[in-house]
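Values in this document were obtained by computation on a predicted structure and should not be read as measured data. Note that ligands are numbered from 1 as they come in the structure, with each ligand's atoms numbered from 1 the same way. Note that the numbering runs from 1 along the sequence shown for the chain.
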Amino acid sequence: MAETTAIPIAPEVTLLRGHAAPTGPLVAAIGRIAAQAPFRQLSTPGGGTMSVAMTNCGPWGWHSDRRGYRYVELDPLTGARWPPMPAPFARLAREAAALGGFPGFEPDACLVNRYVPGAQMGAHRDWDELDKRFPIVSVSIGLPAAFLWYGATRRGRPLVTLVEDGDVVVWGGGARAGFHGVRKLQAGEHPATGALRYNLTFRRAK
Ligand code: SIN
Ligand code: FE2
């Protein structure tokens, strides 16, 4: 395991700077996942369309439509199972969770987010998982972004953390219900991803 500096963002919210670097192999794996389960912009229960495009790998995939948020075993777009979670993805999530203070994390879901400039994610919490004792592991790839940590309520001024290529954020325990988001992506060019940012969010769904 590479040396990693663990930087506290808030209680039980930890930034592992550069822990997922180099990200080239992750980007290549995302390409293989998207060839089977294409990126798509999901609808929200309220009828909007998300600016972030998503796909999944692993046994369970996060999905949103007019009926709500949930985990599904089959990709609604193709009817097929989600592509398997690559072993290096699961290993990365397990190691990062342990460094963040949450040993024993075995993800069964990996949401892959793709941001183009202008895409953003409003304040929300990851709350569709069965057992909230497991943490969330969030890996940033490509263009930098401002990760917003609101904490217990979605109101108020968030803590702003610049997340760059290879950075990992882990939260759990008392912070598991924390509200968070991502500020509108600024245009740029990154050697690993070109004009894009990706994020891998690892979860234990079931
Ligand atoms: C998310 O909350 O699902 C995305 C976080 C990120 O893109 O950094
Ligand atoms: Fe989230």
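- For ligand 1, the atoms lying closer than 4.0 Å to a non-hydrogen atom of T201 are 3 (O).
- The pair R91-E106 does not meet the salt-bridge criterion, since no charged nitrogen lies less than 4.0 angstrom from a carboxylate oxygen.
- Closest heavy-atom approach to atom 5 (C) of ligand 1 within the set L185, L200, V182: this belongs to V182.
- Close contacts between ligand 1 and H180 involve ligand atoms 2 (O) [criterion: under 4.0 Å to a heavy atom].
- A distance-only check finds a donor-acceptor pair linking the side chain of R154 to the backbone of A123 [under 3.5 Å].
- Taking the six-membered ring where the residue is Trp, the centroids of W171 and F179 are separated by 6.0 Å or more.
- In terms of protein heavy-atom proximity, atom 8 (O) of ligand 1 is nearest to R197 NH2, 2.8 Å.
- Of all the atoms in ligand 1, the ones that sit under 4.0 Å from a non-hydrogen atom of N199 are 4 (C), 5 (C), 6 (C), 7 (O), 8 (O).
- In terms of polar-atom proximity, D126 is not counted as a contact of ligand 1, lacking any N or O under 3.5 Å from an N or O of the ligand.
- Nearest heavy atoms, T78 versus Q36: CG2-O, 3.9 Å.
- Salt bridge D131/R203: absent, no basic N to carboxylate O contact under 4.0 Å.
- Neighbouring protein atoms of the Fe ion (ligand 2) (N, O or S, distance under 2.8 Å, waters ignored): H124 NE2, D126 OD1, H180 NE2.
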Next on the checklist: If you apply the rule side chain to side chain donor-acceptor pair (under 3.5 Å), what do you find for D126 with H180, and how did you get there?
Outcome noted: CA-CA 9 Å; D126 296 8; H180 58 280; 3.1 Å; yes
